[in-house]
2 protein chains.
Amino acid sequence: MSDSPEKLSVWCAGEEWCPITTTASLIGKKWHPVIIHRLLENGPSGFNELKEDVDGISSKVLSDSLEDLQEKGLVDREVINEQPFRVNYSLTDLGASLEPVISEMAAWGQRYLEEPTESDEATQ
Amino acid sequence: MSDSPEKLSVWCAGEEWCPITTTASLIGKKWHPVIIHRLLENGPSGFNELKEDVDGISSKVLSDSLEDLQEKGLVDREVINEQPFRVNYSLTDLGASLEPVISEMAAWGQRYLEEPTESDEATQ
DNA sequence: CGGCATCCACATGGATACTG
DNA sequence: CAGTATCCATGTGGATGCCG
């Protein structure tokens, strides 16, 4: 993994460019952080493998999210076999460079969020 | 600022509870990270003050976002004067505890994202 | 100043079924 | 296995205007 991926040029909503807004626009979608986290933890994965790791996602949404992440240059898709058909998703260098961000999010969640109990579950 | 805010119990989409998914559901909306960032940087702020700091947001969306952040226990709203009407938004201890996450996002954005040039701007 | 009301367009995501 | 197709409900955000 290179430690200096190419920079990404992304336009941003406001009038002034803001690194936080822009970063949020990259990973601020519902499933993006989890997908990146799984790819960081488990390494390159196939589609259904990823679908099982990312609990609760539908194939359509996973497909959409992966396409989005590819466009943003954070994820690579590689067809590694035609028959049987096999695909590999992996992080680009830029995607992998998000590791500190993702692990801060995970750490924060573990420290400050409480796992719902059975009774919480019943009320949902 | 206390260093051990109360834990927050949040339900999460999938079948298994996941700290990343849950954290993402808290700060994964378009403007939330910026709002938190501004409150961290500039301290407690009034509504319009915040609106100017968060560049490009409309009052409706800021209002919605702040309400959401209050419900999630990350932001406090305090009416500090009736006439003239003045309100103060500040981070709760839990909200302030997000500082490492937010600053990682900001740092990542500054390191790996490129500010668009004038010509980029022209094509948008 | 600090919003809320209204309206509307578009994005997002979930369920289900089907395909090469 | 790795998706796509379709449909549909809800969410999200932007514009504008008004109010105490």
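Only a predicted model underlies this, so the values are computations on that prediction, with no experimental measurement involved. Within every chain, numbering begins at 1; the chains are lettered A, B, ... in the order of the sequence lines, protein sequences first and strands thereafter.
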Under 3.5 Å between N/O atoms: give me all the protein pairs with nucleotides 15-20 of chain D, atom names plus distance.
none

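Within the structure, side chain to side chain donor-acceptor pair (under 3.5 Å) pairs that include any residue of residues 37-48 of chain A comprise A:Asn42-A:Asp53 (at least two apart or interchain). Residue pairs that meet the side chain to side chain donor-acceptor pair (under 3.5 Å) test with at least one member in residues 74-84 of chain A, sequence neighbours left out, are A:Arg77-A:Tyr89.
Not counting sequence neighbours, A:Gln70 has no partner by the side chain to side chain donor-acceptor pair (under 3.5 Å) test. Judged as a salt bridge (Lys or Arg N to Asp or Glu O under 4.0 Å), and not counting sequence neighbours, A:Lys51 has no contacts. With sequence neighbours excluded, the residues forming a side-chain contact (heavy atoms from CB on, under 4.5 Å) with B:Pro44 are B:Asn88, B:Ser90, listed by chain and number. B:Glu52 is linked by a side chain to side chain donor-acceptor pair (under 3.5 Å) to nothing, counting only residues two or more places apart in sequence or in another chain. The side chain to side chain donor-acceptor pair (under 3.5 Å) check on A:Ser59 picks up nothing, with sequence neighbours excluded.
Considering only the side chain of B:Lys30, D:dG13 comes nearest among C:dG2, D:dG13, C:dG13. If you check D:dC1, D:dT12, C:dC1 against the side chain of A:Asn48, the one that comes closest is D:dC1. Listed candidates were D:dG3, C:dG2, D:dA2. Nearest to the side chain of A:Tyr89 is D:dG3. Distance from the side chain of B:Arg86 is smallest to C:dC1 among C:dC1, D:dG13, C:dG3.
Rounding to whole angstrom units, CH2 of residue B:Trp31 and C1' of D:dG13 are separated by 9 Å. B:Asp53 places its CG atom 12 Å from the P atom of C:dG2, with the value rounded to the nearest Å. Between the CD atom of A:Glu49 and the P atom of D:dA2 there is a distance of 8 Å, rounded to whole Å. If you measure from atom CD1 of B:Ile57 to atom P of D:dG13, you get 8 Å, rounded to the nearest angstrom. Per the geometry, CZ belonging to A:Phe47 stands 17 Å off P belonging to C:dG20, to the nearest Å. One interatomic measurement links the two molecules: NZ of A:Lys29 to C1' of C:dG14, which rounds to 16 Å at whole-angstrom precision. In this structure, A:Glu52 places its CD atom 14 Å from P of D:dG3, rounding to the nearest Å.
Dashed line: the shortest gap from a side-chain N or O of B:Lys51 to OP1 or OP2 of C:dG2 is not under 4.0 Å. Between A:Arg77 and D:dG3, a side-chain N or O to OP1/OP2 separation shorter than 4.0 Å is present.
Within residues 61-70 of chain B, the residues that place at least one heavy atom under 4.0 Å from DNA chain C are, in residue-number order, B:Ser63.
Here the CD1 atom belonging to B:Ile27 is positioned 11.5 Å from the OG1 atom belonging to B:Thr22, to the nearest 0.5 angstrom. For the atom pair OG1 (B:Thr21) and CG (B:Leu26), the distance works out to 11.0 Å, reported to the nearest 0.5 Å.
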What side-chain donor-acceptor pairs closer than 3.5 Å can you find for residues 60-67 of chain A, not counting sequence neighbours?
| residue | atom | partner | partner atom | Å |
| --- | --- | --- | --- | --- |
| A:Ser65 | OG | A:Val61 | O | 2.7 |

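Cluster membership for B:Ile80 and B:Leu91, using ILVMFWY side-chain heavy atoms within less than 4.5 angstrom, is not shared.
The rotation axes computed at either terminus of the helix from C:dC1-D:dG20 to C:dG20-D:dC1 lie 50° apart, taking five pairs at each end and rounding to 10 degrees.
Side-chain atoms of A:Met105 and B:Glu104, non-hydrogen and from C-beta on, never get closer than 4.5 Å to each other.
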